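By convention here, the first residue in the shown sequence is residue 1. What you see is a predicted model, and the numbers here were worked out from it, not measured in a lab.
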Amino acid sequence: RDRDAFAPSSTPAQVAPKETVSTTTPSPSTVQKNNVSQTTKPVSKQPSTPPSTVVTQPAVIPQKPVNTANNSYYKNKNIAKAVLNYERALLMNPGDADIRFNLDMARSKTVDQVTPTSEVFIVTWINSLINCMSESGWGTTGIVSFLLLLAGMALYIFGNRIVLKKIGFISAVVFLVVAVCANIFASEQKDELLNRTGAIVMSPSITVKSTPNESGTDLFVLHEGTKVYIEDNSMKGWKEIRLEDGKKGWLPVSAIEVI
């Protein structure tokens, strides 16, 4: 009995393996996975470009490349080139408010501040209406208005109620007016694109002559960036020009560039 009392028990006592976690060595595959995860985590958190660059980049990329080139001309104080290209961009897209604003800014830097002649209010309003869209825009408006005109006529003819007939008739008349005006405005825009009479003075300073030769009388002096309109385009070496205030004279072809 005494031996049995002091004999070791067949079932060992359950002791928590406190030291087994710290003494066990990880397998090579586990070490490799940990190294890969440690090396890849910093790479995923570090952006390739600074956050400020990513935020400001969309504002730097312009929608209109022509406008960007003109801005470089303006910053380099090449006012004549800036005005010329702004005028060309506005001719292609007359409804763009940004181009018109930039053109006004460039014109304010020119030496010659020509005041246009006053015109009737209705003429100014019609010109503003024509220039609110380009040729393609007015063409699209005319086509859509014509289709709506046909729909209004169909509603007027085939409508079984008086209210529907009235709506169809009124809408047909309205869309008829819109379609006619849109076609007229598109024709005006096309004519302005094909027959370009506007030009920009490119010489730093040039004297306007009364006749198309150097011996003509000096009328007045123009500087670069001033807009003129070509009145007589029959001669090769000289052009008769007109300012926005109504003054006329002759300039050599080398002094101006057509918009």
Compute both the distance and the angle, then confirm whether K247 meets the cation-pi test with F220: under 6.0 Å from the six-membered ring centre, within 45 degrees of the axis. yes

Does the side chain of [Y] come within less than 4.5 Å of [X]'s, by heavy atoms?
X: H223; Y: V201; value: no
X: V208; Y: V221; value: no
X: V111; Y: L222; value: no

Distance in Å, [X] [atom1] paired with [Y] [atom2], rounded so as to fall on 0.5 Å steps:
X: N85; Y: L103; atom1: CG; atom2: CG; value: 11.0 Å
X: F101; Y: D104; atom1: CZ; atom2: CG; value: 8.0 Å
X: I241; Y: N233; atom1: CD1; atom2: CG; value: 13.0 Å
X: E214; Y: W250; atom1: CD; atom2: CH2; value: 13.5 Å
X: Y86; Y: Y74; atom1: OH; atom2: OH; value: 8.0 Å
X: I79; Y: T226; atom1: CD1; atom2: OG1; value: 11.5 Å

For the residue pair [X] and [Y], what are the closest heavy atoms and their distance?
X: L251; Y: T207; result: CD2-O, 3.8 Å
X: S210; Y: G216; result: OG-C, 4.0 Å
X: C132; Y: W138; result: SG-CZ2, 3.6 Å
X: A106; Y: V83; result: CB-CG2, 3.7 Å
X: I99; Y: A89; result: CD1-CB, 3.8 Å
X: R100; Y: P94; result: NH2-O, 2.9 Å

Could you check whether any side-chain N or O of [X] sits under 3.5 Å from a backbone N or O of [Y], counting only pairs where one atom can act as donor and the other as acceptor?
X: D232; Y: S234; value: yes
X: D96; Y: D98; value: yes
X: E244; Y: Y229; value: no

Indicate yes or no: does E87 engage K227 in a salt bridge with an N to O separation below 4.0 Å. yes

Are any of the side-chain nitrogens in K81 or E224 under 4.0 Å away from the carboxylate oxygens of its partner? no

Enumerate, atom names and distances included, each donor-acceptor pair closer than 3.5 Å involving a side-chain atom of residues 170-194, sequence neighbours excluded.
unit_1, atom_1, unit_2, atom_2, d
S171, OG, I167, O, 2.8
S171, OG, G168, O, 3.0
N183, ND2, A179, O, 2.6
Q189, NE2, I130, O, 2.8
Q189, NE2, N131, OD1, 3.4
Q189, NE2, M133, O, 3.3
D191, OD1, N195, ND2, 2.7

Test of understanding: clusters of I, L, V, M, F, W, Y form through side-chain heavy atoms closer than 4.5 Å, transitively. Do [X] and [Y] belong to the same one?
X: I206; Y: I256; answer: yes
X: Y156; Y: F158; answer: yes
X: F169; Y: V163; answer: no
X: W125; Y: V123; answer: yes

Residue that, paired with V253, satisfies side chain to side chain contact (heavy atoms under 4.5 Å, CB included) out of K239, K236, M235: K239

From CA spacing to verdict: side-chain contact (heavy atoms from CB on, under 4.5 Å), L155, K165: CA-CA 6 Å; L155 185 63; K165 288 181 176 294; over 6 Å; no

Sequence neighbours left out, what passes side chain to side chain donor-acceptor pair (under 3.5 Å) with S108? Give chain and number order. none

The criterion is salt bridge (Lys or Arg N to Asp or Glu O under 4.0 Å); which residues satisfy it with R196, sequence neighbours excluded? none

Residue pair T211, N213: steps toward the side-chain hydrogen bond (donor to acceptor under 3.5 Å, both in side chains) verdict: CA-CA 6 Å; T211 57; N213 51 64; 3.1 Å; yes

Walk me through it: do E257 and R88 pass the test salt bridge (charged side-chain N to carboxylate O under 4.0 Å, His left out)? CA-CA 11 Å; E257 187 170 345; R88 288 174 175 172; 3.1 Å; yes

Tell me whether M153 at atom CE has more than 12 heavy atoms from other residues, nucleotides or ligands lying less than 6.0 Å away. no

